[in-house]
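To find a chain, count down the sequence lines: A is the first, B the second, and so on, and within it residues start at 1.
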Amino acid sequence: MADELVPQHADPALASAKAEVDELTSRILGLRDAYYERDEVLVSDADYDAMMRRLEALEQQYPELQSQDSPTLSVGGRAATLFDPVRHAERMLSLDNVFSLDDFSAWATKVERDSGRNVDFLCELKIDGLAINLRYENGRLVSAATRGDGVVGEDVTENVRYIEGIPARLEGSGHPPLVEVRGEIFFPVESFRALNAEQAAAGERVFANPRNAASGSLRQKAEGKNEAGLDLMHRRLSRLRMLVHGLGAWENPPVTTQSEIYAVLASWGLPTSRHFRVARSSAEAVDFIEYYGEHRDSVEHEIDGIVIKVDELALHAELGATSRAPRWAIAYKYPPEQVNTKLLDIVVSVGRTGRATPFAVMEPARVAGSVVRQATLHNQDVVKAKGILIGDTVVLRKAGDVIPEVLGPVLELRDGTEREFVMPTTCPECGTPLAPAKEGDIDLRCPNARSCPAQVRGRVEHVGSRGALDVEGLGEVSAAALTQPLVPELPPLTTEAGLFELTLADLFPIEVVVRDSETGLPKLLDDGSLKVETPFRRNRQKRDGEFDPTRVAPAPSAPGSAAAPTASSVISGPAFAGDADSVPSSQAIALITNLELAKTKELWRILVSLSIRHVGPVAARALASYFGSLDAIRAATRDELAAVDGVGTIIADALLDWFEVDWHQEIIRRWADAGVQFSTPGHPGPGAAAATDGPLAGLTVVATGSLDGFTREGAVEAIIAAGGKSASSVSKKTDFVAAGPGAGSKLTKAEELGVRIIDAAQFAVLLKGGPTALD
DNA sequence: CACCCTCGAGTTCA
DNA sequence: CTCGAGGGTG
């Protein structure tokens with residue numbers, strides 16, 4: 001869907017914010033002009049400050065709205081006092097922005113109407129860097145200046161001389177005696193990563209993004225530096241690059257189009273971009289926009305949009321310019337991949353393994369198409385390394401367009417009220433002192449595995465998860481409901497030991513406090529009492545006659561599982577039909593039914609659901625197929641366990657340790673008593689895994705994306721059933737990558753490594769007949 | 001000791 | 001889906 005590749009800004013809040021930003025910008029610039037040029041004071045300082053603060057706030061919320069001549073960028077004149085001012089020979093205009101394809105098309109239509117004919121559009125990448133004006137006199141570079149406010153910029157000539165690719169002297173001939181060239185200075189993404197790695201290693205501040213790095217590098221001052229400092233400064237400058245994209249006034253140019261101008265610039269030895277195209281229609285321009293929306297990462301620099309210019313120079317004069325921007329060009333801005341937002345707090349959560357993980361709680365912010373309010377910070381060292389303080393404005397992005405990540409603070413916006421994050425010494429859920437699992441570990445853990453509510457809740461949820469017993473109806477919400485105390489009684493589950501003993505009567509009384517999805521605070525009723533829900537019971541329907549539990553359809557039974565219990569078999573025995581007013585909800589019946597189904601699932605799934613350290617689906621499969629039963633695993637020695645392929649001494653120790661613990665033994669006993677099957681029927685007993693044969697013997701296959709005819713799980717099962725190895729990541733050892741639509745980085749990796757990629761149909765053929773069937 | 005792999009965690013969407 | 005951490009293997 002095109003909308004997804006290039007999300008539309010249908011957001012009305014954005015549109016009104018843009019109007020306000022434009023209004024504020026022009027008013028403030030007008031006031032400044034009056035003040036600096038004519039010594040007129042038109043508003044009070046307080047009003048002026050209020051306008052600036054409002055503009056800053058808006059730009060912080062919507063960074064894409066910040067124009068290059070925004071007054072917030074030159075506030076305080078800090079940079080202007082460091083570098084000498086330079087007056088540009090010709091005003092450097094900025095570009096108007098559009099934020100949706102519809103708005104772009106509207107602009108193109110208007111341009112064609114005003115021109116009275118079809119128009120060719122020159123499309124190029126909008127580099128996220130610093131606008132620079134180079135002045136050449138008689139072919140020699142005499143001045144390089146930042147954009148500044150468009151009229152006066154800062155003189156950075158000496159620094160620019162160290163940038164590779166900017167000629168001190170123009171090549172060829174035919175250039176006017178005085179010519180101004182416009183371009184963008186940027187930090188290539190690769191160099192930026194290297195720079196930040198070096199900065200971090202040296203304990204220096206890291207830059208939030210390549211643009212900041214470019215700006216910081218270009219604005220370095222030589223004064224007061226010793227030899228080593230100068231050397232460092234020059235090395236950093238030499239990593240910068242520039243691409244030129246425009247030319248100041250040129251009387252009677254020998255060309256008629258903008259694209260020809262680029263050829264001329266290149267012939268003078270100036271660096272021009274390879275990524276441009278002349279579009280014969282606005283539809284072709286849209287193709288260009290969409291293409292680079294998907295391939296933003298394939299370019300050496302960051303891009304924040306696409307610039308579309310009318311190609312024909314004669315039309316530039318005809319269309320003219322407003323006071324701020326030309327009418328013959330527009331910038332299409334992609335939704336930002338990075339935004340600024342406020343770090344409200346750093347909170348620590350405890351997972352099922354007891355690991356204490358700090359995460360950032362932020363003011364909700366839109367990034368790459370969704371609203372984010374939390375992001376993991378991994379551990380206290382990462383918090384420190386990022387240098388963020390609670391209360392900071394932070395840079396937020398989505399790694400791989402999915403996972404929210406806090407990059408770092410915006411140091412300029414600190415006001416002194418920020419405070420450092422202190423890692424708690426006790427578990428935020430149960431108060432037990434946190435400690436590393438072993439000497440030297442960075443991660444802190446809550447050692448109260450048995451009764452820490454967070455860990456019990458996490459483990460119960462884990463049992464229901466897809467990689468374990470895959471119990472429909474046992475997710476985050478039910479796990480929390482089952483493990484929360486029923487004031488004043490104990491919760492239905494104090495550990496996972498009782499999970500398979502649950503009955504409808506146990507679920508029936510559970511009440512859950514309803515929380516506001518925005519604030520996370522409990523909702524209150526009008527009388528001030530807590531609003532609660534009863535997810536496992538609902539009011540008896542009076543009119544529709546009696547409740548008939550057998551009419552509630554059970555979840556579809558897993559293929560191959562014999563004699564799936566039905567809803568009626570769950571209810572039978574000491575039937576439970578609720579009380580006078582209410583009956584079990586369909587959720588309650590589904591949960592009990594699906595737990596019943598889970599008892600006879602494959603041994604490896606049972607193993608995974610025990611939450612033994614390091615025993616995930618892969619190790620569990622290896623153990624299950626080798627030993628065939630939990631008893632055999634329990635009876636095995638350390639060496640016998642470690643003999644299993646994929647299991648080493650550490651996992652062996654983890655298993656032995658796990659079986660030692662008495663409440664773990666209780667889990668096994670009670671699960672077994674409740675009917676959980678801890679063995680694979682028909683398994684011959686411990687021994688080498690059956691020699692793998694089948695069409696895929698000896699082959700490693702990775703499935704990614706949505707493969708027609710397979711679920712994710714199903715594809716994995718099919719690979720194993722065919723005698724192959726199903727891996728979760730692509731490496732040199734991978735033989736095939738079966739990729740469907742929606743495949744992401746794994747597909748890229750496969751292309752990089754030259755691993756053979758097949759589609760769903762070929763995958764099916766491969767499963768049946770092996771690799772030879774493909775050719 | 002590299003490499004490659006798996007585990008575990010957090011997050012967001014339809 | 002991606003990352004860091006840490007295990008297993010050659």
Side-chain angles (χ1 to χ4, degrees), chain A residues 1 3-4 7 297 346-362 364-383 385-386 396-407 436-438 440-445 454-455 457-459 461-462 465-468 475-476 517 604 607-608 611-623 641-655 700 702-706 712 716 725-734 739 741-749 753 755:
Chain A
M1 192 161 69
D3 281 7
E4 200 154 309
D297 296 337
I346 295 178
V347 180
V348 173
S349 72
V350 175
R352 78 176 158 99
T353 61
R355 194 165 103 178
T357 310
F359 65 95
V361 179
M362 291 160 293
R366 255 195 115 70
V367 205
S370 62
V371 175
V372 171
R373 48 195 98 218
Q374 295 184 346
T376 179
L377 295 170
H378 302 292
N379 59 50
Q380 66 273 39
D381 283 15
V382 171
V383 177
K386 289 185 190 287
L396 177 69
R397 72 152 180 184
K398 289 232 211 123
D401 258 14
V402 178
I403 310 296
E405 178 186 8
V406 174
L407 289 173
K438 63 177 178 10
D441 266 13
I442 293 168
D443 290 341
L444 294 179
R445 308 192 104 92
Q455 295 185 58
R457 198 193 317 134
R459 288 198 306 267
E461 185 186 341
H462 173 66
S465 70
R466 244 210 291 249
E476 190 183 343
S517 61
W604 70 265
L607 281 174
V608 171
S611 285
I612 302 169
R613 282 269 263 156
H614 311 306
V615 179
V618 176
R621 273 194 152 100
L623 288 163
L641 290 167
V644 176
D645 191 30
V647 178
T649 53
I650 312 259
I651 293 183
D653 285 340
L655 284 158
T700 301
V702 174
T704 181
S706 50
R712 182 172 310 241
V716 173
K725 198 179 158 204
S726 165
S728 54
S729 56
V730 180
S731 70
K732 280 187 298 196
K733 290 186 181 171
T734 311
S745 61
K746 285 175 201 168
L747 185 56
T748 322
K749 186 88 181 275
L753 295 174
V755 174

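Considering only the side chain of A/I650, C/dG7 comes nearest among B/dC7, B/dT12, C/dG7. Here the nucleotide nearest the side chain of A/S349, chosen from B/dA9, B/dC7, B/dG10, is B/dG10. With B/dC7, C/dA5, B/dA9 as the choices, the nucleotide that has an atom nearest any side-chain atom of A/N379 turns out to be C/dA5. Closest to the A/Q374 side chain, of the nucleotides B/dT11, C/dG8, B/dA9, is B/dT11. Listed candidates were B/dG8, C/dG7, B/dC7. Nearest to the side chain of A/T353 is B/dG8. Residue A/R373 has its side chain nearest to B/dT12 when only B/dT6, B/dA9, B/dT12 are considered. Among B/dA9, B/dT12, C/dG7, the nucleotide with an atom closest to any side-chain atom of A/P404 is B/dT12.
Residue A/H614 holds its NE2 atom at 6.5 Å from CD1 of A/I650, rounded to the nearest 0.5 Å. Between the CD atom in A/E461 and the CZ atom in A/R457 there is a gap of 9.0 Å [rounded to 0.5 Å].
Put simply, CD1 on A/I612 is 16 Å from C1' on B/dT6, counting in whole angstrom units. Straight-line distance from the CD atom of A/E476 to the P atom of B/dC13: 14 Å, rounded to whole Å. A/F359 has its CZ atom 11 Å from the C1' atom of B/dT11, to the nearest Å. One interatomic measurement links the two molecules: CG of A/L396 to C1' of B/dT12, which rounds to 13 Å at whole-angstrom precision. Rounded to whole Å, atom P of C/dG7 lies 14 Å from atom CG of A/L655. In this structure, NE2 of A/H614 is placed 9 Å from P of C/dG6, rounded to the nearest angstrom. For the pair A/R355 CZ and C/dA5 C1', the computed distance is 8 Å after rounding to whole Å. Separating the CG atom of A/L377 from the P atom of B/dG10 is a distance of 11 Å, rounded to the nearest angstrom.
A/R445 and A/T353 share a side-chain donor-acceptor pair at under 3.5 Å.
For the pair A/H462 (side chain) and A/V608 (backbone), a donor-acceptor distance under 3.5 Å is present.
Among the atoms of the strands shown, none is found under 4.0 Å from any heavy atom of A/H378.
Residue A/R352 places at least one side-chain N or O closer than 4.0 Å to OP1 or OP2 of B/dA9. Residue A/T376 places none of its side-chain N or O atoms closer than 4.0 Å to OP1 or OP2 of C/dC3.
A/L641 has its side chain within reach of A/L623: a pair of non-hydrogen atoms, C-beta onward, lies under 4.5 Å apart.
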